[in-house]
Amino acid sequence: MVADLSETAPYNFVEIESKWRDFWLKNDSFHADFNSSGKKYYVLEMFMYPSGKVHIGHVRNYTIGDIIARFKRSCGFSVLHPVGWDAFGLPAENAALKSGGHPRDWTYKNIEIMKNQLLSLGFSYDWKREFATCDEKYYGFQQKIFLAFYKKGFVVRKESEVNWDPVDNCVLANEQVIGGCGWRSGALVEKRVLSQWFLKITSFVDELLAEIDNLTGWPEKVRTMQRNWIGKSCGCSIRFKTNIGDEIVVFSTRPDTIFGATFLAISPGHPLAIKLAQTNEKIRTFIDDFKKGSVAQEIFDKQEKLGADTGVVVEHPFSGEKLPVYVANFVLMNYGTGAIFATPAHDERDHEFALKYNLPIKKVVASSDENDELPYVGDGVLINSEFLNGLNVAEAKEAAIQKLCDIGVGKREVFFKLLDWGVSRQRYWGCPIPMIHCEKCGIVPVEEKDLPVSLPYDVSFSEAGNPLDRHATWKHVKCPCCGGDARRETDTLDTFFDSSWYFLRFCVNDPNSDNLLEKDDIKYWMRVDQYIGGVEHAVLHLLYSRFFSKALSECGFVDVREPFENLFTQGMVCNATYRRENGDWLFPEEVRKNSSGEYEVIKTGEKVIVGHLEKMSKSKKNVVDPDVIIKNYGADALRLFVVSDTPPDKDFPWSDEGLEGCWRFINRMWRLFIYAKSCGICAEKCGTFSGVDGADPDIQKLYKNFHRTVKNVTDSLEERSLNKVVAYIRDGVNSVYLLLEKMETNAEVFSVIIRDIIKMLAPITPHICEEAWSMFGFEKLVCANPWPSYNEAYLEDFTVDLPIQVNGKLRGTVTVDKDAGEDVVFEMAMQLPSVQSAIAGKPLKRKIFVKGKILNLVV
RNA sequence: GCGGUCGUGGCGGAAUCGGUAGACGCGUAGCGUUGAGGUCGCUAUGGAAGAAAUUCUGUGGAAGUUCAAGUCUUCUCGACCGCACCA
């Protein structure tokens, strides 16, 4: 009789999930064990900004990490899986401005709320190591790091043009400007000249670039983005003599085209342009107009090439020809030398400019294809170029550089797009920069004994600007050098500074340790074996952290120069969007499908435009609240769902039906466990299991196929294909369901199978599995037990359904021993009517036989 | 414009070395269970033709290599992402 499971009491996830959540927390079940002599594994998800609410994107990110952490524990690794808070930053200040509260209170309150949300999801963190970057202890250490960097020359103060975010009222690093706008505020970024603190990330540019090649555990996409951001170009700088005495230095990656140069162009910000503007009305007007121009990236990019003739001429280093010098709007001051020699025949921008101002165009590279039009930027043979004639581009480059060096006007040079990292922020809620400005002594670092420089609590947000600057007493200090009146630095550090080393502090075994970074602990745990986060940090956090490892290592704090061994970038969680015809967003519950299959607003019957799947966001009204899901379906169902169906690196389409399916599966598992228990499935029976020889053939097959399931699940976990992990487990469970009626009489085999299903499912849905584990009488926690193993010998079937093709088309299958030879298979194949009719009496030309795989008959 | 990733059912997606395309899930349909609905269990489900066995067709499109192509090669179309006046 087939088992009837329909009457089993529903799974009480509320009770069971809270039971195990409390148990894990109380017993400190996931404390990272430093003393283990075995292998270690450090799995880390990018820590969270305490915005006040965990969203589904976080749930997915942290679930992926938790699955890996629990899996690795089961595989016998000593696992470090810590959690913390990226707690400084502007939203806290903005919230304070809005509500009248204090950023610190707002932040710690949010941490409290979000911590409870994380706990309710059953993540296996080592909570003892938890900290927030706004903890005084943490930022005190950070100030120590800042001073160490200062001492080593990795921190410098310089005046330069910086990115100013007019909405957030602070400076942004280059990496934080996306398409001309602030990465957080979205406001158009302005250029301002300010005196700022910079981290000399460019000191490590060669290593930062070279090491990318070795980061084979990173997605290729991220590696490419970092390479592009660093932007190395090799070329030659060339000094041109002007007729007014000054020299103009240009940088070129195409010195081979030097004979094609017909004019020079300098940036409106170039010192010579500024000098000329003092006496030359035309140039002054041009520069003024340029400054007034839009800074919007889109407009900037499509902007017409404009310029003004300076009247200055330079001499060509080889031909002695006189070339005019233009001020041009397309020449950037912050790249290269802010000046170029223009070769209109072989550069698009120069070409456009030359056409507009009627400048000569001289072709010096001949392409092999007659049809190529100017400008031609490809490879070819040099012409009209004296000693370079006949060489190809690469050869000519070398020859030109050599000659320019020989005659003393050229210098081999490498330029990078990467610039130093500006870390000063004119905001309150950040780590104070431990520096003092003294009229007499200049800039003086705070002495180490005076650290930490604490953030004052009594600040007012009633006016715009930095509250630290307005504070009555805080900034007034005595100079550590001369003892005279001095002023504290009131800027705080970019929050990306905070997140550039937090993963190192997590390694410190004693969270109360006053040693900033315990070298031995770090040596044991670093590198991070698996780092998980969004791709949006490809050139921000991930580049800064790499730089920090190198700089900290130079300062003697650590021995590790690359922090992250393997990087996984998960996709976004998306959901359907609905809008009114006027563009207003609608909540899904405001919308329904009408009888004709179209969407309408429930209240008014208005037509609804169904939008694309978009990243969940409040403004688009397509967010799903994890708390609501956990309340209705439980944490296990949610965890299962966010890793089901879609590969974790791809965007995940939310669907309520899909979630229900996972909830059904949890219940299906529960019914299976209850039924199994009634059949006598238990821990002891695993001990007495002695194989399936002589058992019911169905049971033998089930058992052997289960080994394949174990292998598939394990392999898929290793390759992070969590959607496949879920699919293979479900497949295994389905096979068990088909043989339920044989469970009672084969309790030993089923005990082993059920045990291993629990183990494999536990990383994904830990609560129900922990309950089942103890229900069947197994010892300790699931993850403290070894991961299921499989027997290679069972992976291959003894018999296979071998496909028979005629001319490459499938015409039938024969069931044979997996080692069956060609003759046997051929004979059986010829018995098949479908094969006979396909051959249609024609003579056989060829037989292709791959043992255990296929037989293809060619006629 | 440059660079990258990717195109497979109604949908999310599987497919190891080139060897039975569509695992698993969602949706849909049917049968059983149930007083009914739901739940639950089973079955079916790429498309077309057929009562059925079966046949034809099928991985964005075109060509090629091969006994055999979702997989390899070339071209082409489309989608998404990143960078973008970088000299």
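We name chains A, B, ... by the order of the sequence lines, and we start the count at 1 in each one. The basis for the numbers below is simple: all heavy atoms, side chains too, and nothing from hydrogens, waters or symmetry mates.
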Which of B:G13, B:A23, B:C85 is nearest the side chain of A:Asn723? It is B:G13
A:Pro647 side chain: which of B:A87, B:G13, B:C42 is closest?
B:G13
Ignoring backbone atoms, establish whether A:Arg671 has a side-chain N or O less than 4.0 Å from OP1 or OP2 of B:G41.
yes
Listing time: all N or O pairs from protein to nucleotides 81-83 of chain B that are below 3.5 Å?
{"unit_1": "B:C81", "atom_1": "O2'", "unit_2": "A:Lys221", "atom_2": "NZ", "d": "2.9"}

Expressed in whole Å, how much space separates the [atom1] atoms belonging to [N] and [M]?
N: B:G4; M: B:U74; atom1: P; value: 13 Å
N: B:U16; M: B:C11; atom1: P; value: 22 Å
N: B:U39; M: B:G50; atom1: P; value: 35 Å
N: B:U28; M: B:G9; atom1: C1'; value: 13 Å
N: B:C17; M: B:A69; atom1: C1'; value: 14 Å

Integer-rounded Å distance: B:A14 C1' and A:Arg708 CZ
14 Å
Starting from P on B:G12, measure out to CG on A:Asn575 and report it in whole angstrom.
15 Å
Sequence neighbours excluded, the answer for salt bridge (Lys or Arg N to Asp or Glu O under 4.0 Å) partners of A:Asp645 is none
Residues forming a salt bridge (Lys or Arg N to Asp or Glu O under 4.0 Å) with A:Glu744, sequence neighbours excluded
none
Would you call B:C17 syn or anti, using the 90° rule around 0?
syn
Is B:G32 in the syn range, within 90° of 0, or in the anti range?
anti
Could you check whether the rings of A:Trp670 and A:Phe673 sit parallel, tilted or perpendicular, using 30° and 60° as the cut-offs?
perpendicular
Using the ring-ring contact (aromatic ring centres under 6.0 Å, His included) rule, pick out the option among A:Phe240, A:Phe341, A:Phe415 that qualifies with A:Phe251.
A:Phe415
Protein-nucleotides 54-60 of chain B N/O pairs closer than 3.5 Å?
{"unit_1": "B:C56", "atom_1": "OP2", "unit_2": "A:Arg811", "atom_2": "NH1", "d": "3.3"}
{"unit_1": "B:U57", "atom_1": "OP2", "unit_2": "A:Lys809", "atom_2": "NZ", "d": "3.0"}

Evaluation steps, salt bridge (Lys or Arg N to Asp or Glu O under 4.0 Å), between A:Arg664 and A:Glu657
CA-CA 10 Å; A:Arg664 282 202 295 270; A:Glu657 293 85 358; over 6 Å; no
Residue list, ring pair (Phe, Tyr, Trp, His ring centres under 6.0 Å) with A:Phe826, at least two apart or on another chain
none
Under 3.5 Å: donor-acceptor pair, side chain of [X], backbone of [Y]:
X: A:Asp379; Y: A:Val393; value: yes
X: A:Arg720; Y: A:Pro648; value: no
X: A:Asn856; Y: A:Lys847; value: no
X: A:Asp801; Y: A:Thr815; value: no
X: A:Asn622; Y: A:Asn575; value: yes

Got a second to check how far A:Asn667's CG is from A:Tyr11's OH, nearest 0.5 Å?
9.0 Å
Any ion pair linking A:Lys724 and A:Glu719 (charged N to carboxylate O, less than 4.0 Å)?
yes
Can you list every side chain to side chain donor-acceptor pair (under 3.5 Å) pair that touches residues 173-182 of chain A, not counting sequence neighbours?
A:Asn163-A:Asn174, A:Glu175-A:Trp229, A:Glu175-A:Tyr544, A:Gln176-A:Arg425, A:Gln176-A:Asp494
Sequence-aligned protein contact record of nucleotides 65-72 of chain B, with B where the base is within under 4.0 Å of a protein heavy atom and S where only the sugar-phosphate is:
--BS----
Heavy atoms under 4.0 Å is the rule here; annotate nucleotides 25-32 of chain B 5' to 3' with B where the base is hit, S where only the sugar-phosphate is, and - elsewhere.
SSS-----
Name every donor-acceptor pair, under 3.5 Å, that has one atom in a side chain of residues 805-812 of chain A and the other anywhere in the protein, sequence neighbours excluded.
{"unit_1": "A:Asn807", "atom_1": "OD1", "unit_2": "A:Val859", "atom_2": "N", "d": "3.1"}

Both A:Thr224 and A:Ile854 contact RNA chain B. Taking the nearest nucleotide for each, which residue is further toward the 5' end?
A:Thr224
If you pin A:Ser233 and A:Asp801 to their nearest nucleotides in RNA chain B, which one's is more 5'?
A:Asp801
Note, A:Tyr790 side chain near A:Leu795 side chain (heavy atom, < 4.5 Å):
yes
Does A:Lys724 make a side-chain donor-acceptor contact with the base of B:C24, cut-off 3.5 Å?
no
Is it the case that over 12 heavy atoms from other parts of the model lie below 6.0 angstrom from the CD atom of A:Glu348?
no
Can you give each donor-acceptor pair under 3.5 Å made by side-chain atoms of residues 257-265 of chain A, sequence neighbours left out, with the distance rounded to 0.1 Å?
{"unit_1": "A:Thr257", "atom_1": "OG1", "unit_2": "A:Arg254", "atom_2": "O", "d": "2.8"}
{"unit_1": "A:Thr262", "atom_1": "OG1", "unit_2": "A:Pro360", "atom_2": "O", "d": "2.9"}

Return one dot-bracket line describing RNA chain B 5' to 3' (Watson-Crick or G-U wobble pairs, both distances under 3.5 Å; ( ) same strand, [ ] crossing, | another strand, . none).
(((((((..(((......[....)))((((((.......))))))((((....))))..(((((..]....))))))))))))....
Show each protein N/O and nucleotides 44-48 of chain B N/O combination with a separation under 3.5 Å, one pair to a line.
none

A:Phe652 and A:Leu613: side chain to side chain contact (heavy atoms under 4.5 Å, CB included), yes or no, with the steps?
CA-CA 9 Å; A:Phe652 178 87; A:Leu613 290 180; over 6 Å; no
For A:Val250, which contact category applies under a 4.0 Å heavy-atom criterion: base, sugar-phosphate, or nothing?
nothing
